[in-house]
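Below: the structure, in structure tokens.
Just so you know, ligand 1 is whichever comes first in the structure, and atom 1 is the first atom listed for that ligand. Note that the coordinates shown come from a computational prediction; the quantities given were computed from them, not determined experimentally.
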Amino acid sequence: MNRIILIKYGELTTKKSNRKFFINTLYNNIIKKCKDLNVIISKDISRMYIEYESLDEELVIKRIGEVFGIHAYSIAYKTLTNLDSIKSTIREIIEDLDKDKKYTFKVETKRSYKKFLMNSMECNDEFGSFILKNYKNFKVDVHNPSLTFHVEIRENYSYVYLNEYKGIGGYPVGTLGHAMLMLSGGIDSPVAGYLALKRGIKLDLVYFEAIPHTSLEARNKVIELSKKLSIYGGEMRLIIVPFTKLQENIYKNVSENYSITIMRRMMYRIMEKLTLRFKSLAIINGESVGQVASQTLTSMSVINNVTNIPVIRPVACLDKLEIIDISKKIDTYDISILPYEDCCTIFVPRHPVINPVLSECIKMESTFNYEEMIDEILANLNIITITPDMDKNKYDDIL
Ligand code: ATP
Ligand code: MG
């Protein structure tokens, strides 16, 4: 029997005018995801069909479980569009079931090929009678059947399947523009990135590092997290920002309790420049209201004051435990809890301000020439191309 995967788009079908763009993006994303497998993918306005080598079935299912924009899928049997072929496919499906078990069933036909000789109701009756006549252990139950035979009738081929599985949902990555994710080694920012990808946003990643105060292990941890995001987001750039000199100057020139606030204002200033340089539309980060002193609403507003670029905070209103649940699901948790210092954690003040005052920030920032340092930073970025299976050792020597 010819098994194929039949994909249902879900949410994207509500975006009528963009439908073609959404479908084409999803199609390209699936092709990229399966590029090392022998698959043939075809599409129409409501379905996508993946044909594959039978040995690869499990692998193909795993891969499509990592592609946003897939609402549901089924393992379907492809057959010619005529009554006899469809019946013999139903027969084959039943022959695979337990012969000694009793089943209740219904048939649900969708007929997008309107020239077919019967309408959907007539098809349901025809296939239902066929099953009843040939299999004594089958009984009709249209309300609560143990099996539903789905039959989709299209012009050349038709598809028969029993079960529908939930896909990962969301929008295809790339359909909702491009943004830059501030990716630290913590738990929150990879989750924020995952949620942004789920809404169809294509990402590049930005990591601020302060070598020698932070280690290469800390960077490798961020690379490992990036690889996990790349499973869902495809190839992405990881931009490594050399933050040491600016950070040292912050601690030298501003009051200790304001150092985190001002450091984050500097990060946002750099993010704004990167967003423009990489033709991006928004900044994404893992800030969560109330989590630390720099994430009170007052702090967020004073920090955000340096830029007009939209800042999206996908985990802003989630509890830490909810964030941790997602990080476990996407397999970033165990990497995030590795104990390497991040540039945010090395110079933590004893009493960070919870309600910083904007004019104070501006006054302290005017005491040193941070703009020149930002220009220097922007001239010395390291950019790494991330893919899920990249070899990170290749990058051990860039400093
Ligand atoms: P996370 O929030 O990811 O668990 P964290 O708790 O160490 O990491 P916070 O101090 O809460 O980070 O910072 C809030 C957000 O700022 C992070 O989620 C991340 O988006 C961004 N951020 C912090 N440090 C860095 C860094 N070194 N490089 C890039 N982004 C960072
Ligand atoms: Mg955090």
Among R313, E287, R264, R265, whose side chain to side chain donor-acceptor pair (under 3.5 Å) with N304 holds?
R313
Please confirm whether the backbone N or O of T244 pairs with a side-chain atom of Q247, one donor and one acceptor, at under 3.5 Å?
no
Examine I187 against ligand 1 and note whether any of their N/O atoms are separated by less than 3.5 Å.
yes
Ligand 1 to V206, heavy atom cutoff 4.0 Å, flagged ligand atoms 29 (C)
Nitrogen or oxygen atoms of N285 and ligand 1 under 3.5 Å apart
no
Between SG of C34 and CG of L59, what distance do you get to the nearest 0.5 Å?
8.0 Å
Can you check whether N18 reaches T175 side chain to side chain, under 4.5 Å on heavy atoms?
no
For atom 13 (O) of ligand 1, the option (of R264, M182, E287, M180) bearing the nearest heavy atom
R264
Got an N/O contact under 3.5 Å between M267 and ligand 1?
no
Below 3.5 angstrom, do we get any N/O pair linking Q295 and ligand 1?
yes
Between L181 and ligand 1, which residue portion shows a heavy-atom distance shorter than 4.0 Å: side chain, backbone, both, or neither?
neither
Polar proximity ligand 1 side, G286 side, N/O cut 3.5 Å exclusive
yes
Is there a donor-acceptor contact under 3.5 Å from the side chain of K202 to the main chain of G233?
yes
First locate atom OG of S259, then atom CE of M266, and finally report the distance between them rounded to the nearest 0.5 Å.
11.5 Å
